[in-house]
2 protein chains.
Amino acid sequence: MTASPPDSTPDPHMSDALPPCEQHVRQYAAVRNAHETELLEDYVELIGDLLKYQGEARSADIAARMGVSQATVSKTVTRLKSQGLVDSQPYRSLFLTEKGEAMAEMARKRHAIVLQFLRTLGVSDSTARIDAEGMEHHVSRETLEAMERFTREHCRG
Amino acid sequence: MTASPPDSTPDPHMSDALPPCEQHVRQYAAVRNAHETELLEDYVELIGDLLKYQGEARSADIAARMGVSQATVSKTVTRLKSQGLVDSQPYRSLFLTEKGEAMAEMARKRHAIVLQFLRTLGVSDSTARIDAEGMEHHVSRETLEAMERFTREHCRG
DNA sequence: GAAAAAAGTTAGCCAAGGCTAAGACATTGT
DNA sequence: ACAATGTCTTAGCCTTGGCTAACTTTTTTC
Ligand SMILES: [Mn+2]
Ligand SMILES: [Mn+2]
Ligand SMILES: [Mn+2]
Ligand SMILES: [Mn+2]
């Protein structure tokens with residue numbers, strides 16, 4: 001390690017300096033952690049939506065919606081099954097397990113809160129949808145509550 | 001593809017149905033796109049901060065701050081160099097190229113806007129730092145401007 | 001009911017981003 | 001000066017998440 005004089009004083013009015021090391025580590029660790037479940041969350045959310053709005057969730061629909069190949073979907077579904085989130089017979093439609101249903105529900109609600117929050121902030125619908133798709137996985141419970149509060153107080157209607 | 005009756009009408013008051021397919025694809029594509037540069041952005045931002053606040057940016061400091069092994073840093077630095085973002089001699093401190101400097105500056109500003117926005121929203125400092133670290137990479141110019149506007153209008157002082 | 005089309009799977013490739021273990025280089029202390 | 005310590009790199013391993021190509025299974029069409 002090299003010199004680290006700025007870490008000594010908890011200076012109250014120098015907020016653009018480097019944060020203390022341990023805190024910095026926690027920031028990046030939280031991001032890496034979110035990245036591990038991100039894709040699985042999007043899959044179960046989408047599968048849940050497809051079941052709800054189209055009656056079944058086929059790999060082909062997922063591939064079309066996600067903009068990836070069917071082979072990629074097939075491999076990811078294997079992972080979803082190995083984690084106990086999805087159930088399926090070969091060559092058949094996909095279903096969510098209890099656990100998958102729970103994750104989908106959480107993701108659906110969280111996604112909706114972030115999306116509505118961005119709209120309320122004044123962001124256009126198409127941009128809000130794009131940004132919400134990525135942001136949702138990095139929003140803590142606390143921030144989610146702050147967003148809900150804001151939307152409740154500022155939303156037209 | 002299976003049946004898709006809900007996609008026919010651009011129904012104005014059914015906002016929780018599935019978005020049209022092409023838009024859905026763009027959402028996920030934007031996320032995948034952000035993931036390609038995310039880590040590089042965090043690296044150049046950190047390198048810039050280390051140069052500014054400690055005079056030099058050593059791999060050991062980056063490893064300590066990011067909470068990863070030195071081997072991981074070494075490999076990522078190779079990638080940063082191959083993309084023309086970082087310059088360095090073997091076993092020496094790291095420096096940013098023009099291009100790296102520009103990316104660091106962008107990342108620094110964007111990160112600061114998101115962090116200050118979350119604080120202004122009422123999120124605690126430690127949570128705001130964690131969430132901002134992940135959210136920053138998924139915030140478009142338009143959303144960034146909405147955040148700045150909000151902070152300007154609501155910030156104490 | 002057979003041929004054609006569509007859907008799903010598998011194999012094999014790749015890059016990114018993590019790790020450990022081993023060794024090379026540099027700095028520092030005596 | 002040189003040994004000890006600390007820093008950096010390399011090699012080799014792993015998982016994730018993409019791809020194409022080839023194949024199998026199911027569904028649709030005739
Ligand atoms: Mn989502
Ligand atoms: Mn998402
Ligand atoms: Mn950042
Ligand atoms: Mn970040």
Side-chain angles (χ1 to χ4, degrees), chain A residues 1-4 25 28-44 46-47 50 54-83 85-95 133-134 137, chain B residues 1-4 21 25 27-44 46-47 50 54-83 85-95 133-134 137:
Chain A
M1 188 80 59
T2 42
S4 55
V25 166
Y28 294 122
V31 173
R32 286 194 299 270
N33 203 55
H35 284 167
E36 279 177 21
T37 42
E38 204 166 319
L39 190 68
L40 303 186
E41 287 168 357
D42 282 340
Y43 265 76
V44 295
L46 178 53
I47 290 169
L50 286 169
Q54 310 205 341
E56 60 180 358
R58 310 293 310 209
S59 290
D61 297 281
I62 297 175
R65 294 257 162 202
M66 302 261 297
V68 299
S69 72
Q70 286 194 11
T72 294
V73 173
S74 211
K75 215 187 338 182
T76 306
V77 166
T78 300
R79 203 172 137 228
L80 287 163
K81 289 169 83 168
S82 87
Q83 304 225 356
L85 294 162
V86 160
D87 248 344
S88 81
Q89 259 55 61
Y91 298 96
R92 295 262 105 101
S93 178
L94 308 175
F95 297 96
E133 190 63 75
H137 310 277
Chain B
M1 185 80 59
T2 42
S4 55
C21 216
V25 166
Q27 282 176 219
Y28 293 122
V31 174
R32 285 194 298 271
N33 203 56
H35 284 167
E36 279 177 20
T37 42
E38 208 168 314
L39 189 68
L40 303 185
E41 288 169 355
D42 282 339
Y43 264 75
V44 295
L46 178 53
I47 290 169
L50 287 168
Q54 311 203 340
E56 59 179 356
R58 311 294 309 213
S59 289
D61 296 281
I62 296 175
R65 293 259 161 201
M66 301 262 297
V68 299
S69 71
Q70 286 194 11
T72 295
V73 172
S74 212
K75 216 191 330 186
T76 306
V77 166
T78 299
R79 204 172 138 229
L80 287 163
K81 289 168 84 168
S82 87
Q83 304 225 354
L85 295 162
V86 161
D87 248 345
S88 82
Q89 260 55 60
Y91 299 96
R92 294 264 110 98
S93 177
L94 307 175
F95 298 95
E133 190 63 76
H137 310 278

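A, B, ... follow the sequence lines: proteins, then strands. Residue 1 opens every chain. All values below were derived from every heavy atom in this structure, side-chain atoms included, with hydrogens, water molecules and symmetry-related copies excluded. Nothing here was measured: the structure is a model prediction, and the numbers come from that model.
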So does Arg92(B) get a side-chain nitrogen or oxygen closer than 4.0 Å to the phosphate oxygens (OP1/OP2) of dC8(D)?
-> no
When rounded to whole Å, the CD to P distance for the pair Gln83(A) and dT15(D) reads 13 Å
Are the side chains of Val31(A) and His137(B) in touch, meaning some heavy atoms are under 4.5 Å apart?
-> no
Sorted by chain and residue number, the salt bridge (Lys or Arg N to Asp or Glu O under 4.0 Å) partners of Glu133(A) (sequence neighbours excluded) come out as none
Partner set under side-chain contact (heavy atoms from CB on, under 4.5 Å) for Ser69(A), not counting sequence neighbours = Ala71(A), Thr72(A)
Val77(A) or Met66(B), whichever maps to the more 5' nucleotide of DNA chain C | Val77(A)
Rounded to whole angstroms, how far apart are CD on Glu36(A) and C1' on dT16(D)?
-> 10 Å
Would you mind reading off the distance between Leu39(A) atom CG and dT16(D) atom P, rounded to a whole angstrom?
-> 11 Å
So what does Ser69(A) touch, heavy atoms closer than 4.0 Å: a base, only the sugar-phosphate, or nothing?
-> base
Taking CG from Leu80(B) and C1' from dA16(C), how many angstroms apart are they, rounded to a whole number?
-> 12 Å
Leu40(A) CG - dT15(D) P separation (whole Å) = 15 Å
Return the value, rounded to whole Å, for the distance between atom NZ of Lys81(B) and atom C1' of dC8(D).
-> 11 Å
With Ser74(B), which residues qualify under side-chain contact (heavy atoms from CB on, under 4.5 Å), at least two apart?
-> none
Report the residues that fulfil side-chain contact (heavy atoms from CB on, under 4.5 Å) with Leu50(B), sequence neighbours left out, ordered by chain and then residue number.
-> Leu18(A), Leu46(B), Gln54(B), Ala57(B), Asp61(B), Ile62(B)
Could you work out which one of dC8(D), dT9(C), dC19(C) sits closest to the side chain of Lys75(B)?
-> dC19(C)
Residues in side-chain contact (heavy atoms from CB on, under 4.5 Å) contact with Arg92(A), at least two apart in sequence or another chain = Gln89(A)
Spacing of Arg58(A) atom CZ relative to dT9(C) atom C1', expressed in whole Å | 13 Å
Just to confirm, is there a sub-4.0 Å distance from OP1 or OP2 of dC19(D) to any side-chain nitrogen or oxygen of Thr72(A)?
-> yes
Pairwise N/O distances under 3.5 Å, protein to nucleotides 21-24 of chain C:
none

Spacing of His35(B) atom NE2 relative to dA15(C) atom C1', expressed in whole Å | 16 Å
Thr37(B) side chain reached by Gln83(B) side chain, heavy atoms, under 4.5 Å | no
